[in-house]
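Heavy atoms only: backbone and side chains are in, while hydrogens, waters and symmetry mates are out. Residue numbering restarts at 1 for every chain, and letters A, B, ... go by the order of the sequence lines.
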2 protein chains.
Amino acid sequence: MGRWEPNARGRLEEAALELYSERGFEQTTVAQIAERAGLTERTYFRHFADKREVLFGFPGQLHAGITEAVASAPADASALGAVEAALTAMGAVLQERREKARKRQAVIDENPELQERELIKMATMAALLTETLRARGIADSAAALAAETGIAVFKVAFERWIQGPDRLDLPTMIREALEELQSLAADYGTR
Amino acid sequence: MGRWEPNARGRLEEAALELYSERGFEQTTVAQIAERAGLTERTYFRHFADKREVLFGFPGQLHAGITEAVASAPADASALGAVEAALTAMGAVLQERREKARKRQAVIDENPELQERELIKMATMAALLTETLRARGIADSAAALAAETGIAVFKVAFERWIQGPDRLDLPTMIREALEELQSLAADYGTR
DNA sequence: TATCCGATGTCAGTCACTGTCGTCAACTAG
DNA sequence: CTAGTTGACGACAGTGACTGACATCGGATA
């Protein structure tokens with residue numbers, strides 16, 4: 001056994017989510033999180049770049065899923081078809097941890113600073129998605145547009161899912177939102 | 001004449017943009033900005049909520065333009081048609097201050113913290129746009145989707161505009177990006 | 001066994017941001 | 001004209017996020 005308890009990072013994540021839920025993000029200090037995790041403030045900052053990042057560790061895991069899903073989409077799929085594959089793959093991952101996701105989202109919804117961080121994570125995914133689409137041979141402009149639009153669709157579907165009843169299926173809701181967008185676009189044409 | 005030089009806020013904005021451009025955002029302290037503007041650090045924080053906000057004052061002016069543009073769109077316009085009106089109105093405002101916009105964007109592009117703030121400003125506009133569309137009688141889900149998608153389109157068009165040659169017209173580029181999205185959506189249908 | 005390494009603790013320091021209070025010109029009521 | 005009020009700012013002290021430098025020690029390695 002090591003000199004310290006294992007999984008320091010995980011303990012910090014857990015302690016932070018608890019404290020942020022209990023007393024709010026602003027009312028929690030990093031020192032308190034570290035203390036609850038049995039560590040020091042300095043060690044917190046060795047694991048997370050700042051006070052917010054502790055809530056955003058696992059989106060990193062989604063990145064691998066995105067590239068993978070797009071890569072394994074059928075070769076003849078359209079740009080938005082490939083996007084659909086990526087988004088539903090992400091959705092499937094989230095579908096597992098619904099309760100944690102909901103608790104986390106409740107904290108984020110209460111604090112603008114956290115919302116900023118969430119947005120930039122989404123933007124990062126959009127950039128990654130753009131890159132992956134380009135790798136499929138999709139033209140630059142179409143790739144960027146499809147990716148940005150896809151993320152917008154994901155946001156809408158995620159919000160509906162997290163706020164709706166338990167039985168909802170996120171991947172399904174993503175597909176529905178995409179189809180909805182399609183019909184909006186068709187209407188735009190006939191304006 | 002007053003006890004102090006007029007337009008303290010404007011002087012702070014100018015000083016900040018200069019310093020951020022010269023030595024970078026992180027390497028600039030609020031005290032330095034205040035000093036260049038002939039004020040104190042405390043006064044800076046009376047005008048701006050934090051170190052970043054000094055770059056994001058004028059997007060607030062865009063908000064009025066959005067609601068106005070959507071309101072004055074033809075009654076029979078589609079959801080994305082109304083969005084087009086809002087986006088091109090914003091585009092027209094930015095078209096005026098191209099040089100300042102470019103300088104500002106260069107600073108933002110260098111710093112993730114500033115990108116976060118920019119993203120949340122965009123999200124705020126999306127929310128406002130959603131609200132305005134609902135006021136036109138567009139269904140909730142369609143309004144949110146149209147607004148989010150519209151902002152995504154705006155981002156793409158803005159980037160092309162700010163990075164492209166001087167002669168480009170932002171409102172035109174917004175319309176082009178919207179049409180491009182439309183064709184992407186049509187392709188999605190025939191996948 | 002000697003040495004190195006990696007994760008953590010300790011401590012001092014900077015800077016973003018806030019609360020409080022004092023100052024003084026301009027404005028307003030009488 | 002005088003007294004009180006207000007608005008914009010300066011001065012000062014304090015908290016907490018975040019960083020750099022260095023010490024510690026169990027475990028892996030030569």
Side-chain angles (χ1 to χ4, degrees), chain A residues 1-57 107-108 110-118 120-121, chain B residues 1-57 107-108 110-118 120-121:
Chain A
M1 191 180 70
R3 186 172 166 196
W4 296 277
E5 294 298 311
N7 195 23
R9 187 184 174 95
R11 272 149 52 212
L12 285 167
E13 284 177 353
E14 193 178 349
L17 184 55
E18 285 173 15
L19 286 166
Y20 290 167
S21 293
E22 288 170 15
R23 63 179 74 175
F25 175 77
E26 284 191 358
Q27 283 62 48
T28 303
T29 69
V30 174
Q32 290 164 356
I33 297 170
E35 187 187 355
R36 182 168 295 199
L39 295 164
T40 65
E41 189 182 357
R42 192 64 184 86
T43 297
Y44 172 95
F45 285 108
R46 288 198 179 96
H47 284 278
F48 302 101
D50 59 46
K51 188 183 171 184
R52 292 175 280 167
E53 193 64 19
V54 67
L55 288 178
F56 296 89
V107 171
I108 293 174
E110 286 300 313
N111 190 284
E113 290 180 61
L114 294 173
Q115 289 158 31
E116 291 190 0
R117 180 57 51 86
E118 170 149 71
I120 206 169
K121 293 289 179 180
Chain B
M1 191 181 72
R3 187 176 167 193
W4 295 279
E5 294 299 309
N7 194 24
R9 186 183 175 94
R11 272 151 47 214
L12 285 167
E13 285 176 352
E14 195 178 347
L17 185 54
E18 286 173 14
L19 285 167
Y20 291 167
S21 293
E22 289 170 14
R23 63 178 76 175
F25 175 77
E26 285 191 356
Q27 283 63 47
T28 303
T29 70
V30 174
Q32 290 164 354
I33 297 169
E35 187 187 355
R36 183 169 296 199
L39 295 164
T40 65
E41 189 182 356
R42 190 66 185 88
T43 296
Y44 172 95
F45 285 107
R46 287 199 179 93
H47 285 277
F48 302 101
D50 58 46
K51 188 182 172 184
R52 293 175 280 168
E53 193 62 21
V54 67
L55 288 179
F56 296 89
V107 172
I108 293 174
E110 285 299 313
N111 191 284
E113 289 181 60
L114 294 173
Q115 290 159 29
E116 291 191 0
R117 178 58 50 87
E118 171 150 70
I120 207 170
K121 294 288 179 180

(request) Mark yes when over 12 heavy atoms from residues, nucleotides or ligands other than E35(B) sit less than 6.0 Å from its CD; otherwise mark no. (result) no

Check whether any side-chain N or O of [X] sits under 4.0 Å from OP1 or OP2 of [N], and answer yes or no.
| X | N | result |
| --- | --- | --- |
| T43(B) | dG10(D) | yes |
| H47(B) | dC9(D) | yes |
| T40(A) | dT8(C) | no |

Gap between atoms [atom1] and [atom2], on [X] and [N] respectively (whole Å):
| X | N | atom1 | atom2 | value |
| --- | --- | --- | --- | --- |
| R9(A) | dA7(C) | CZ | P | 12 Å |
| L19(A) | dA17(D) | CG | P | 12 Å |
| E26(B) | dC18(D) | CD | P | 12 Å |
| L12(A) | dC18(D) | CG | C1' | 15 Å |
| E41(B) | dT18(C) | CD | P | 11 Å |
| F45(A) | dA21(D) | CZ | C1' | 17 Å |
| K51(B) | dG16(D) | NZ | C1' | 16 Å |
| R11(A) | dA7(C) | CZ | C1' | 12 Å |

(request) State which residue, out of K51(B), R52(B), E118(B), fulfils the side-chain contact (heavy atoms from CB on, under 4.5 Å) condition with E113(B). (result)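 For E113(B), the side-chain contact (heavy atoms from CB on, under 4.5 Å) test succeeds with only one of K51(B), R52(B), E118(B), which is R52(B).
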
(message) Tell me whether R36(A) is salt-bridged to E18(A), with the criterion being a basic N under 4.0 Å from an acidic carboxylate O.
(response)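 Yes, this pair counts.
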
(request) Taking only the side-chain heavy atoms of R42(B) (C-beta and beyond), determine which of dG19(C), dG9(C), dC18(D) contains the nearest atom. (result) dG19(C)

(message) For E5(B), is there any backbone N or O sitting under 3.5 Å from a side-chain donor or acceptor partner on R11(B)?
(response) yes

(request) Classify the side chain of R46(B) versus the base of dG7(D) as yes if they form a donor-acceptor pair under 3.5 Å and no if they do not. (result)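 Checked by distance alone, the answer is no.
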
(message) I'd like to know if R3(A) reaches the base of dT24(D) with its side chain, counting only an N/O donor and acceptor under 3.5 Å.
(response) yes

(request) Can you measure from CD (E13(A)) to CG (L55(A)) and round to the nearest 0.5 angstrom? (result)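 One finds 8.5 Å between CD of E13(A) and CG of L55(A).
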
